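Throughout, residue positions are numbered sequentially from 1 according to the sequence presented. Quick caveat, the model's predicted, so the values are computed rather than measured.
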Amino acid sequence: MISLQFLPTNPNPCALPTSSHYTSTSLKPFSTKTLKLTRPFHNTKPYSSTTTTTTTIRSVLQWNRKPELAGETPRVVVITSGKGGVGKTTTTANVGLSLARLGFSVVAIDADVGLRNLDLLLGLENRVNYTVVEVLNGDCRLDQALVRDKRWSNFELLCISKPRSKLPLGFGGKALTWLVDALKARQEGCPDFILIDCPAGIDAGFITAITPANEAVLVTTPDITSLRDADRVTGLLECDGIKDIKMIVNRVRTDMIKGEDMMSVLDVQEMLGLALLGVIPEDSEVIRSTNRGHPLVLNKPPTLAGLAFEQAAWRLVEQDSMQAVMVEEEPKKRGFFSFFGG
């Protein structure tokens, strides 16, 4: 049985570990021919055989450790897109629970006032008794409006209002900023992440949701309409002072990309010019998990889409990004008459 040792904490993530971090038995089964690097390491010196093997071992072990939280806490991240139906709420639910499973405290705020759905995806719709409206009116405390998940106690949900209810006229970006400040100063401790599920469109609800945020995750799909809205939203986020913008490309189908019926992830990244946080493949299990109120990342065994959400959450913690990979087109089969020009 092969035993692998965990990597020690390295203050410089770009620096390669020395050979003393690994035992001789753990280096033998791996070779550079069978393993590929999951992300590039920037180094000015050319790679030698020993350095390449050590880097390969590091890429294998990077998912066997807890990610190091980068930036100041709390990290206030708004998840937006501009276009509806691209997977913002699904991304918020799965990334939020993935962060909680990694050991970080998370508060997810459903900023969609009229069409609240985040509680349904998390299976917490029957436990939402108070909302932010009751907190602002003085009918309850903030801790009473927070709904704690029974599966992961470090994950909490906060809804702004109940369906079919009207918000007070004074509710806006300043009220949501006050809410985020109240979460920072609560007695239970400041959460590591505050995820804001942004409503569709670029109207008042969008402006309210992005006001307290200092980071943004842009969810898009590889189609023309979604990319146009995403490009428009990127400009609005930059005008509001949010410079740290990463994107998640959702519902990617490699068969359509190979058939040139869908834009590749590389094309999407070139069009929007944003750092890539994750690529989520098309998965029918998303609909099943949504209807059950059971997020995709909790499925056993995990699906490809669930693993992609977990890796996106990992990169979000370390403020990392991935590189798009070009999908090559499959060669067309040539028949017998092709030799005669057919």
Side-chain angles (χ1 to χ4, degrees), residues 76-95 109-118 121 172-173 176 195-283 286-287 290 305 308-309 312 315-316 321-327 329:
V76 184
V77 184
V78 60
I79 299 177
T80 182
S81 69
K83 189 178 185 299
V86 297
K88 295 184 298 295
T89 306
T90 303
T91 301
T92 305
N94 287 278
V95 171
I109 301 177
D110 193 345
D112 196 340
V113 178
L115 303 174
R116 193 186 76 191
N117 291 320
L118 185 57
L121 268 67
L176 191 58
L195 304 181
I196 302 176
D197 184 16
C198 182
I202 54 174
D203 52 0
F206 169 79
I207 301 300
T208 300
I210 69 174
T211 299
N214 47 36
E215 299 178 41
V217 174
L218 190 67
V219 183
T220 183
T221 53
D223 57 82
I224 295 297
T225 56
S226 180
L227 291 178
R228 171 184 284 183
D229 294 348
D231 184 62
R232 172 63 173 161
V233 168
T234 302
L236 294 176
L237 291 173
E238 292 177 349
C239 291
D240 197 66
I242 302 177
K243 304 300 182 182
D244 189 358
I245 307 174
K246 295 182 177 65
M247 71 172 178
I248 289 181
V249 184
N250 195 16
R251 297 175 184 171
V252 176
R253 293 183 55 178
T254 55
D255 56 339
M256 296 186 66
I257 295 176
K258 292 178 181 179
E260 297 184 353
D261 296 323
M262 176 182 286
M263 284 182 292
S264 65
V265 180
L266 189 61
D267 296 334
V268 173
Q269 191 175 17
E270 290 178 353
M271 291 180 64
L272 296 180
L274 297 176
L276 187 60
L277 187 66
V279 178
I280 313 300
E282 181 73 31
D283 194 346
V286 175
I287 300 178
T290 300
F309 276 121
R315 299 185 188 98
L316 182 63
S321 60
M322 62 179 294
Q323 289 186 347
V325 180
M326 181 179 297
V327 179
E329 184 180 359

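Sorted by first and then second residue, the salt bridge (Lys or Arg N to Asp or Glu O under 4.0 Å) pairs with a member in residues 212-237 read Arg75-Glu215; sequence neighbours excluded. Here salt bridge (Lys or Arg N to Asp or Glu O under 4.0 Å) pairs that include residues 79-89, with residues two or more places apart or in two chains, number zero. Applying the salt bridge (Lys or Arg N to Asp or Glu O under 4.0 Å) definition to pairs two or more places apart or across chains, none involves residues 200-214. Applying the salt bridge (Lys or Arg N to Asp or Glu O under 4.0 Å) rule to pairs touching residues 270-282 yields nothing, sequence neighbours excluded.
Taking Asp267 as the reference, Ser264 meet the side chain to side chain donor-acceptor pair (under 3.5 Å) condition, with sequence neighbours excluded. Qualifying side chain to side chain donor-acceptor pair (under 3.5 Å) partners for Thr208, counting only residues two or more places apart in sequence or in other chains: none.
Looking only at distances, no side-chain donor or acceptor of Thr80 sits under 3.5 Å from a matching main-chain atom of Cys198.
Proximity of Val86 to Thr220: side-chain heavy atoms (C-beta onward) are nowhere separated by under 4.5 Å. With a 4.5 Å cut-off on side-chain heavy atoms, Pro222 and Val249 count as touching. Proximity of Leu176 to Thr211: side-chain heavy atoms (C-beta onward) are nowhere separated by under 4.5 Å. Between Met247 and Leu276 the shortest side-chain heavy-atom distance falls below 4.5 Å. Counting heavy atoms from C-beta on, the side chains of Met271 and Met263 come closer than 4.5 Å.
Nearest heavy-atom pair, Asp197 versus Leu118, reported as atom, atom and distance to 0.1 Å: OD2-CB, 4.3 Å. Counting all heavy atoms, side chain and backbone alike, Ala308 lies closest to Ile280 at CB-CD1, 3.6 Å. Considering all non-hydrogen atoms of both residues, Asn94 and Thr90 come closest at ND2-O, 2.7 Å. For the residue pair Leu218 and Leu274, the shortest heavy atom distance occurs at CD2-CD1, 3.6 Å. Heavy atoms only, all atoms of each residue included: Leu236 and Ile202 are closest at CD1-CG2, 3.6 Å. The two residues Gly82 and Val233 make their nearest non-hydrogen contact at CA-CG2, 3.5 Å.
Atom-to-atom distance recorded for Ile79:CD1 and Thr91:OG1 is 6.5 Å, nearest 0.5 angstrom. Atom OG1 of Thr89 sits about 6.5 Å away from atom CG of Leu121, to the nearest 0.5 Å. Annotation: the span from Asp283 atom CG to Asn250 atom CG amounts to 10.5 Å, rounded to 0.5 Å. If you take CE on Met322 and CD on Gln269, they are separated by 8.5 Å, rounding to the nearest 0.5 Å.
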Open item on the list: Quick one, Leu237 with Phe206, criterion side-chain contact (heavy atoms from CB on, under 4.5 Å). Give me CA distance, side-chain angles, the key distance, then yes/no.
Closed with: CA-CA 10 Å; Leu237 291 173; Phe206 169 79; 4.2 Å; yes
- Message: Applying side-chain contact (heavy atoms from CB on, under 4.5 Å) to Asp244 and Asn214, what does each step give before you reach the verdict?
- Response: CA-CA 7 Å; Asp244 189 358; Asn214 47 36; over 6 Å; no
